[in-house]
Number of protein chains: 2
Amino acid sequence: MSMSETPPRSRRRAAPEEAQQTRKEDALMVNSVEKAFRVLSAFGRQHQTLSLSQVASETGMDISSAQRFTHTLNKLGYLRKDAQTKRFELTARTLDLGYHFVRSSRLVDRAMPYLMHLSKETEETINLTVRDGTEIIFVSRFLSRNVLNTDVIIGTRMPVYCTAPGIAMLSRLPEDEAMAVIDASDLKPYTASTVWQRDALREKIRQAAAQGYATAFEEVYLSDASIAAPILDHRGQPEAAVNIAVSCSRYSREEVVSRFSSLVVATAHAVSRI
Amino acid sequence: MSMSETPPRSRRRAAPEEAQQTRKEDALMVNSVEKAFRVLSAFGRQHQTLSLSQVASETGMDISSAQRFTHTLNKLGYLRKDAQTKRFELTARTLDLGYHFVRSSRLVDRAMPYLMHLSKETEETINLTVRDGTEIIFVSRFLSRNVLNTDVIIGTRMPVYCTAPGIAMLSRLPEDEAMAVIDASDLKPYTASTVWQRDALREKIRQAAAQGYATAFEEVYLSDASIAAPILDHRGQPEAAVNIAVSCSRYSREEVVSRFSSLVVATAHAVSRI
DNA sequence: TGATGTTTTATCGCTATGAGATAATTCTTA
DNA sequence: TAAGAATTATCTCATAGCGATAAAACATCA
């Protein structure tokens with residue numbers, strides 16, 4: 001048997017057994033959908049525009065798939081292609097999905113008037129956040145005229161463990177569930193003030209549970225202080241949090257608590273449906 | 001031949017010729033992607049939650065497809081399913097796409113500091129919008145402490161023809177292109193003040209071209225006034241618009257122009273890359 | 001309470017669809 | 001202007017996903 005003959009052009013796709021596997025596991029999964037989202041999320045601050053081959057390498061797809069999905073997303077209007085440079089970029093149409101979410105959210109509906117009121121009363125930045133696994137997502141936001149942080153926008157994600165809203169939400173979970181979230185997190189200090197050790201975090205969660213609110217001082221951004229309270233759904237589960245964010249330069253830690261704790265707790269309570 | 005025998009179970013899918021047709025027309029289109037988006041956009045203010053069969057009827061898909069796509073989107077985390085009621089709702093993860101867009105947009109990057117400055121200077125609501133066909137989309141937004149309109153949020157769409165940013169953008173297009181947008185629009189009056197007739201709109205566009213800014217007084221919402229200027233890209237095409245929105249009760253039409261026209265024009269010019 | 005209709009979930013066979021290869025074309029750059 | 005790289009167009013084949021339907025769970029009403 002000659003070893004040198006060219007092997008028959010193996011028309012193999014992915015790893016056949018493995019594909020078979022996932023297929024068996026979940027016959028209802030439409031994989032193309034995941035790929036489409038994979039392409040869209042390849043874009044971001046680092047990659048404002050991408051060429052076809054970059055899309056392929058960023059997403060780990062072959063050039064043909066990249067071609068098919070960029071074409072599809074372009075047709076659907078989520079991707080624009082520059083005729084000159086042949087590079088792709090996201091379009092404003094990508095805002096549609098989030099728009100539908102905000103418009104369909106009972107939580108946002110309920111919370112909005114209270115958040116507005118809190119914004120006017122305090123003249124500080126007010127946020128509504130929800131939890132997605134080990135992260136919080138900013139869902140609604142009223143900016144203060146004082147500090148305009150454009151790094152945080154709607155859709156921004158931050159770790160649960162080093163944010164006041166995150167801890168506030170965990171504080172209304174059974175402790176083992178809360179610690180499971182902590183344990184699933186990639187714990188690390190963002191600043192010198194970040195509380196990131198397991199034991200310290202458990203203590204922080206307990207304290208938040210006792211007080212009804214949580215605080216975070218310069219844990220992610222220097223000079224940012226935040227105080228948050230959990231919003232509970234009709235069965236008492238924490239479904240969101242309100243927080244007030246202020247600049248450390250304008251208030252001491254004690255002042256943040258004394259001025260804002262009861263306001264934020266009252267707002268969270270008003271939005272809750274328990 | 002008996003006519004009463006049950007016809008052989010016709011295993012036909014869609015209309016075969018037609019499917020063949022579209023397939024021929026666009027071999028690169030991955031139709032599953034469109035269907036996934038169709039499911040997601042079935043949700044909204046009217047449909048905060050949907051059951052499986054509602055998804056099917058809302059999207060015009062059969063129950064099997066609805067099942068497959070809700071399952072897929074649930075797995076990917078864009079849809080949540082209530083274990084009790086078996087109803088679906090959008091999750092905050094749908095904000096991810098829009099987040100990626102905003103983060104990847106050079107336009108937003110460039111505009112942000114100027115918008116912030118304009119917001120502080122005027123203390124009024126400032127918007128950044130882009131055009132998508134016959135609509136404008138709100139991309140960035142700084143709310144005034146005076147009027148807090150929560151109907152308009154990031155991702156909101158409005159017709160080009162009855163908004164100041166829309167007319168401002170058209171005013172920097174060749175007139176035939178501008179009128180093509182008008183002609184593609186579903187022209188109708190939203191309020192008694194809406195300018196919606198073809199000729200009046202052409203006149204309005206010409207005036208905006210001459211002045212460098214466009215205005216709209218109570219054309220969509222009663223008591224809302226708006227003044228906008230176009231942002232041009234490096235080849236002089238209008239790629240966006242800035243506008244200042246105020247309450248009619250606080251300023252006369254003349255005051256809106258005299259106080260804000262040069263500010264909004266200057267801001268738009270600073271953001272332009274011509 | 002059982003009977004009946006409705007909705008959801010699970011499963012299956014078939015084939016149009018989309019994967020992957022590659023050829024043709026266009027764009028770079030040296 | 002030739003070589004190389006990237007993009008676009010086109011083809012074939014295997015299977016992913018479509019559509020049907022059966023089974024199960026729920027709801028409704030006599």
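Please read these numbers as outputs of a predicted model, since none were measured by experiment. Lettering of chains follows the sequences in order, A, B, ..., and the numbering in each one begins at 1.
Of the possible polar contacts, none joining the A/Arg103 side chain to the B/Gly44 backbone as a donor-acceptor pair under 3.5 Å is found. With A/Arg38 contributing its side chain and A/Val33 its backbone, the two residues share no donor-acceptor pair below 3.5 Å. B/Ser104 contributes a side-chain N or O that, together with a main-chain N or O of B/Phe101, makes up a donor-acceptor pair within less than 3.5 Å.
Residue pairs meeting the ring pair (Phe, Tyr, Trp, His ring centres under 6.0 Å) criterion with at least one partner in residues 41-60 of chain A, sequence neighbours excluded, are absent.
One can place CG of A/Asp62 at 15 Å from C1' of D/dT8, the figure rounded to the nearest angstrom. Between B/Asn31 atom CG and D/dG19 atom P there is a gap of 10 Å when expressed in whole angstrom units. Rounded to an integer number of Å, the gap from A/Gln84 CD to D/dT7 P is 15 Å. Rounded to whole Å, atom P of D/dA5 lies 18 Å from atom CZ of A/Arg87.
With sequence neighbours excluded, the residues forming a ring pair (Phe, Tyr, Trp, His ring centres under 6.0 Å) with B/Phe37 are A/Phe37, A/Tyr78, listed by chain and number.
At least one side-chain heavy atom of A/Arg131 sits less than 4.5 Å from a side-chain heavy atom of A/Leu173.
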Query raised in the report: Which letters describe nucleotides 6-11 of chain C, given B = protein heavy atom under 4.0 Å from base, S = only from sugar-phosphate, - = neither?
Result: -SSBB-

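A sub-4.0 Å separation between OP1 or OP2 of D/dG19 and a side-chain N or O of B/Ser65 is present.
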